[in-house]
Asks: 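Here it is, the structure in full.
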Amino acid sequence: MKFETVAIHAGQEADPATGSVTVPVYQTTTYKQDGLGKTRGWEYSRTGNPTRHALETSVAALEGGRYGLAFASGMAAETAVLSILRKGDHVVAGDDLYGGTYRLFEQVFRRWGISFTYAPCGDPAKLRRAFRRNTKMLWLETPANPLLSIADIAASADVARSRGAMLVVDNTFASPYFQNPLALGADAVVHSSTKYLGGHSDVLGGAVVTSDKALYEQVKFQQKAQGAVPAPWDCWLVLRGIKTLPVRMREHGANALHVARFLEGHPAVEKVFYPGLESHPGHSLAVSQMRGFGGIVTLRVKGGFRAAEKFIAALELFTLGESLGGVESLACHPATMTHGSIPAGERLRRGITDNMVRLSVGIEHRDDLTDDLKRAFSRIRKAS
Ligand SMILES: *Cc1c(COP(=O)(O)O)cnc(C)c1O
C-alpha cells in the first residue's frame, strides 16, 4: 500500500466491538479479566491500551518498521531509548541537535555515568573518529535543528555497525512522509509526535520505531517500567493528525521552498538554511535519501541580534513561539529559546548565532507568508 493509504488505514481498522470507523478513545485504566490468568489481551493501560496500540501500529507502518511504541512526549521516547544503556557506555551524537536532547544527554544521562561525544553529523569520517571502545550508540538528527544539516544515514549506519553500535535517528523534522531512516540502515527511529505527526499544535507525544525485536523488547520494558505513556485521548489526536500527514507535508514542503527562495533573494538576509536549496551543503545528500525537504527554514538576519529581534517583533502571521510542525507558521529565536540551554560558547561553535531565526512554515497561502516576511524586513530598515 502507498503512504497515503497507510496513513489512513494502518492500525485504524473499524472497531471490532462496535464497527466505529474511527478508533475509539479507550479511556480506561484496567480491563475485566475472564478468570485468573485469562485476559482478553489487555491488563492495565500503562502496559497496553487499544487506542495507544492503534497509534503504535500506525507509526510503525509509516516508518516501514515492525514495532512501534508511543510515549507521552518526544523527550519521554528519547529517555526510554537512552535508558537501555548502562553506566560506562558512550554515545556519539551529531552536534546539530534539538536543545532538549542535548540537555537530556548532558544534565540527566551524564550524571548516570553515560558519556557523550559530539561530531558534525554531516561528516561520517569525523563521526567514526569520535567512537571509543565503549561506544554503544550513534545518535543523529537529520535534517537537524536549527541549521538543517543533513547526516548521511546509510554511511552513518555503516560506521555504527562496523563498531557494534546502534544507530538512532530522530526523524521529527522530515516526518516519515519525507524520510524513512530504517530503510537506510538505522536501528531505531525516534519522533516528537508533537510536531508533524500530530500536526495541529494541540498534543504532546513521542514515538520509537524499530524492526529489531530484541531492541523493541528492551524499549518496551522501559516504557512499562518508567511509565511515560501517552493518554488515550492524546493517542487519538495524534492518530487523527496522521491521517492528513501526507497532504500537510506536501504543502509544508512546497511553502517552505517558496519561503526559502524568497529569503535567499532578499537583501536583509545574511544566509538561508534549507536543504531544498542548491546552496545548502547537504542538498545532494538530501535529494538522495529524502523524498522532500520538510517545512523548516532557518535564516540569519543582517545586523545582529537587534535586527533579528526587530524582525521577529514585526512579524504578524508568523507567531513567535517554541515548537514546529503545526499547520500555522511559527518563528523562533534558537539562541534564546529552543537552544537556550546550550552554553553560549558551545552554541556559537555550532553556528547558532544571535541573529538566527527559525521558521516553521505552515500551510497558509504562500503569498501571505512572504508578504508577512517582506513587511517585517521593511520595518527593521525603518527602525534602524
Ligand atoms: C520537539 C523535539 C523533540 C522533543 O519532543 P517533545 O515532544 O517536545 O518532548 C525532540 N527532537 C526534536 C527534533 C524536536 O523537534
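First listed ligand is number 1; within each ligand, the first listed atom is number 1. Keep in mind it's a predicted model, so treat the numbers as computed, not measured.
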Asks: So which heavy atom in the protein is nearest atom 5 (O) of ligand 1, and how far is it from that ligand atom?
Replies: Ser192 OG, 3.0 Å
Asks: What do you reckon, does Leu204 have a nitrogen or oxygen under 3.5 Å from a nitrogen or oxygen of ligand 1?
Replies: no
Asks: For ligand 1, which is the ligand I care about here, please tell me if Phe173 has any N or O atom under 3.5 Å from one of the ligand's N or O atoms.
Replies: no
Asks: Can you tell me if His191 contacts ligand 1 (heavy atom of the residue under 4.0 Å from the ligand)?
Replies: no
Asks: Please write down residue, atom name and distance for the protein heavy atom closest to atom 2 (C) of ligand 1.
Replies: Lys195 NZ, 2.5 Å
Asks: Using a cut-off of 6.0 Å, state whether more than 12 heavy atoms not belonging to Arg103 lie near its atom CZ.
Replies: no
Asks: I'd like to check which ligand 1 atoms, numbered from 1 as shown, lie under 4.0 Å from a non-hydrogen atom of Gly74.
Replies: 5 (O), 6 (P), 7 (O), 9 (O)
Asks: Would one find more than 12 heavy atoms of other residues, nucleotides or ligands at under 6.0 Å from atom NZ of Lys243?
Replies: yes
Asks: For the pair Tyr118 and Phe116, name the ring-plane relationship: parallel under 30°, tilted 30 to 60°, perpendicular over 60°.
Replies: parallel
Asks: Counting only nitrogen or oxygen atoms and a 3.5 angstrom limit, does Thr194 reach ligand 1?
Replies: yes
Asks: Compute the centroid of each ring, for Phe131 and then for His90, and state whether the two points are separated by less than 6.0 Å.
Replies: no
Asks: Show your reasoning for whether salt bridge (charged side-chain N to carboxylate O under 4.0 Å, His left out) applies to Arg40 and Asp34.
Replies: CA-CA 8 Å; Arg40 301 181 199 178; Asp34 296 323; 2.9 Å; yes
Asks: Is there any N or O on Thr101 that sits under 3.5 Å from an N or O of ligand 1?
Replies: no
Asks: Are the side chains of Trp42 and Tyr26 in contact, using a 4.5 Å heavy-atom criterion?
Replies: no
Asks: For ligand 1, which atoms have a heavy atom of Glu141 less than 4.0 angstrom away?
Replies: 13 (C)
Asks: Have a look at Val203, Thr79, Asp170 and point out the one with the heavy atom closest to atom 12 (C) of ligand 1.
Replies: Asp170
Asks: Is the closest heavy atom of Gly205 to ligand 1 under 4.0 Å?
Replies: yes
Asks: Quick check on contacts: which atoms of ligand 1 are under 4.0 angstrom from a heavy atom of Glu78?
Replies: 10 (C), 11 (N)
Asks: Does a side chain donor of either Ser45 or Tyr31 reach within less than 3.5 Å of an acceptor in the other side chain?
Replies: yes
Asks: Would a line drawn from the ring center of Phe377 to the ring center of Phe311 be shorter than 6.0 Å?
Replies: yes
